Amino acid sequence: MRHIFSALNRYRFAVIIALLLTLTELAVELVQPLIMARIIDQGVVQQDMETVLFWGGVMLILSFAAFGAGIVNSFYAAHASQNTAYDLRNGLFAKVQSFSFANFSQFPTSSLMTRITNDVNQIQNTIFMSLRIMLRAPLLVAGSVIMAIVVNAQLALILVLTIPLLVVFLVYLMRKAGALFKQVQSRVDRVNNVVQENLTAIRMIKAFTRRSYETERFDGAADELRVKMMRTFRLIETTMPVILLVMNFSIIVVLWFGTTGVNTGGATIGEVVAIINYITRMSGALTVFSMIIMIFSRARASAERIGEVFEADVDLKEPGDPDDDALLFNGEIVFDNVHFRYPGTRQSVLNRLSFTVQSREQTAVLGATGAGKTSLFQLIPRLYDTDGGTVRIDGKDVSRMPLKSLRRQIGYVPQETMLFSGTIEENLRWGNEEADENEMIQALKDAQIYDTIASLKHGLQSTVGQRGVNLSGGQKQRLAIARALLRRPSILLLDDSTSALDAKTEQSLLQAIRKYSCTTIMITQKMSTTVRADNILLLDEGELVGKGSHSQLLRESDLYREIYASQHAVSEEEGAHE
Ligand code: CTP
Ligand code: MG
């Protein structure tokens, strides 16, 4: 709630105006039954036409005033609610941008999306409604009771007894509905999650003909949402009959005692009509109130969910040493007794990892699937922090460097290529906004993808992704390499990026990368890569089991010889088939 109020606080001027205007509307509504009583008692009963016309005129003018106030109020309510929602959304987005990888495993993507869209919408609607009617409904109830007492205290006694009971009932309901709505929002998350997974994996689903399975999964999630929604609304719907029952009962009591009162002189007809008028207004206000409860409980659930994102602890702390900002890496990387496991898991992924990668060398990291190669990479640009030991670049602990200057100098080509929808040029510039066309062409050539791009109808301006050209997995990989090269990084990390290349192209690529004289580490499964590397790190189940050059490892490591023999056997077999 705190975040919502501080966002709303910026528009307090609009909020105050809107609230003052609701008070105008409220005053008119409360005065009307009084005027009605006067018209009846002094005008109608005494057959005084002049009084009827005068007070009738006053009522008309007041109604117009209330109408005008309502329109201006809507304007300011919309202003405050829309702007608050806009600020909240931007705030959430900025917060999510600062998230570490660990934060992302805390909030699934689909849940973040629901929070930034749906939950903020709930808040926006609630602020609008609050400024329009939320304050008016309870004040109308309280004001009606007070006015009824002013008109005739005896007859109003029944209201003094029943209204507090109803209010207690409504507050209880609000508590209960709040808890239910929190569950509803998490079911919305689940539906979005299934949709998101399906849309991203639609090719897989079709290839595996899993459509009916996925449809069932969606049905399941949608059905859970429906059931939760229904249960919540059923609870809320019980309010209306209860309110009407109590209020109608009050009307009967007022009429009963009112009739006696008129006969004995304890009340006038106008007073009875006025009080009944107040009761009907109150019934209306209480019904609106029960609707508000629904909206408000939902908003409270949403506000909590939004608060969770704002309060998420971004565990990667930025050390603020601006002196380092200009620092350029020489590129020596040292792992010193590094331990690592993913946050929230117990299984350790990297153990006692110690090695040095010399500046400007090409190092290959070889290891079976699941050995921890990608995990090792992620520690260098500090996508995760180590659990023990340090990672140092040029002798300086990465956790003491400003993230921005650290990451700016690293070109990271992840295992799964990520291109954004847009042109090829835009995707390249994403690596380095200042790059000119010549630099882009050079980077594409070095990444061995220029010919492919040049042959496209629109060249660099071709769009990729939805409704654009579709590149193969290997082509995307090389485009991602070009994007990383364009950064002119001091350190280049290639996670299995050359797996799709034939030996000759791979050799040209590695040769071209040498020109950039950056420290290069490449994860690979292929001996053809390790043979050409200056240095090899052999990783097995999170431990370093060998390091050195190809010939050195062939001599010293059984595992390396084994891998070499198996790949050799395969390539000889392939050769025999040709
Ligand atoms: N792991 C994990 N949580 C993740 C990613 C990985 O717990 N988000 C664990 C996996 O169970 C795996 C180990 O970390 O056993 C190492 O994973 P990774 O470093 O990704 O292995 P790679 O060597 O990169 O494997 P591959 O060649 O298949 O990419
Ligand atoms: Mg990997």
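Since the structure is predicted, the reported quantities are computational estimates derived from the model, not experimental observations. Ligands are counted one by one from 1 in listed order, and the atoms in each one are counted from 1 as well. Residue indices begin at 1 and follow the sequence shown.
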[atom]: which of [options] has the nearest heavy atom?
{"atom": "atom 26 (P) of ligand 1", "options": "Thr369, Asp495, Asp540", "answer": "Thr369"}
{"atom": "atom 29 (O) of ligand 1", "options": "Glu416, Gln525, Gln415", "answer": "Gln415"}
{"atom": "atom 20 (O) of ligand 1", "options": "Thr374, Leu366, Val349", "answer": "Thr374"}

Shortest non-hydrogen contact from [X] toward [Y]:
{"X": "Ile410", "Y": "Leu406", "answer": "CG1-O, 3.4 Å"}
{"X": "Leu225", "Y": "Val184", "answer": "CD1-O, 3.7 Å"}
{"X": "Asp119", "Y": "Gln185", "answer": "OD1-NE2, 2.6 Å"}

Identify the protein heavy atom lying closest to [atom], giving its residue, its atom name and the separation to 0.1 Å.
{"atom": "atom 15 (O) of ligand 1", "result": "Gly370 O, 3.7 Å"}
{"atom": "atom 1 (N) of ligand 1", "result": "Tyr342 CE1, 3.2 Å"}
{"atom": "atom 27 (O) of ligand 1", "result": "Lys373 NZ, 2.7 Å"}

Practice item. Specify whether the nearest protein heavy atom to atom 10 (C) of ligand 1 is under 4.0 angstrom away. Key: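 Answer no: nothing from the protein, no heavy atom, is under 4.0 Å.
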
Point to revise | Cation over ring face, Lys95 and Phe310, 6.0 Å, 45° | key: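 No.
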
Around atom [atom1] of [X], are there more than 12 heavy atoms from other residues, nucleotides or ligands closer than 6.0 Å?
{"X": "Glu433", "atom1": "CD", "value": "no"}
{"X": "Glu308", "atom1": "CD", "value": "yes"}
{"X": "Lys182", "atom1": "NZ", "value": "yes"}

**Study point:** Check: Ala371 N/O within less than 3.5 Å of ligand 1 N/O
**Key:**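 The answer is yes, given that Ala371 and ligand 1 share an N or O pair closer than 3.5 Å.
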
**Study point:** Heteroatom distance test (Thr345, ligand 1): nitrogen or oxygen, under 3.5 angstrom
**Key:**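 Thr345 vs ligand 1: no N/O contact under 3.5 Å.
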
Review point. Got an N, O or S from Ser375 under 2.8 Å of the Mg ion (ligand 2)?
Key: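 For Ser375, the answer is no, given that no N, O or S atom comes within less than 2.8 Å of the Mg ion (ligand 2).
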
Exercise for review: Using a cut-off of strictly less than 2.8 Å, determine whether Gln415 has an N/O/S atom near the Mg ion (ligand 2).
Suggested key: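 Of the N, O and S atoms in Gln415, at least one lies under 2.8 Å from the Mg ion (ligand 2), which means yes.
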
Review point. Under 4.0 angstrom from ligand 1, any heavy atom of Gln378?
Key: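 So Gln378 does not count as touching ligand 1.
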
Point to revise | Ligand-residue contact atoms, ligand 1 with Ser375, heavy atoms, under 4.0 Å | key: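 Here the atoms of ligand 1 in question are 16 (C), 17 (O), 18 (P), 19 (O).
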
Review point. Testing Thr520, Leu501, Thr529, Thr505 for side-chain contact (heavy atoms from CB on, under 4.5 Å) with Leu510, which one passes?
Key: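 Testing Leu510 for a side-chain contact (heavy atoms from CB on, under 4.5 Å) against Thr520, Leu501, Thr529, Thr505 leaves exactly one candidate, Thr529.
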
Point to revise | Side-chain heavy atoms of Leu376 within contact of Phe355, under 4.5 Å | key: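 Yes, close enough: below the 4.5 Å cut-off.
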
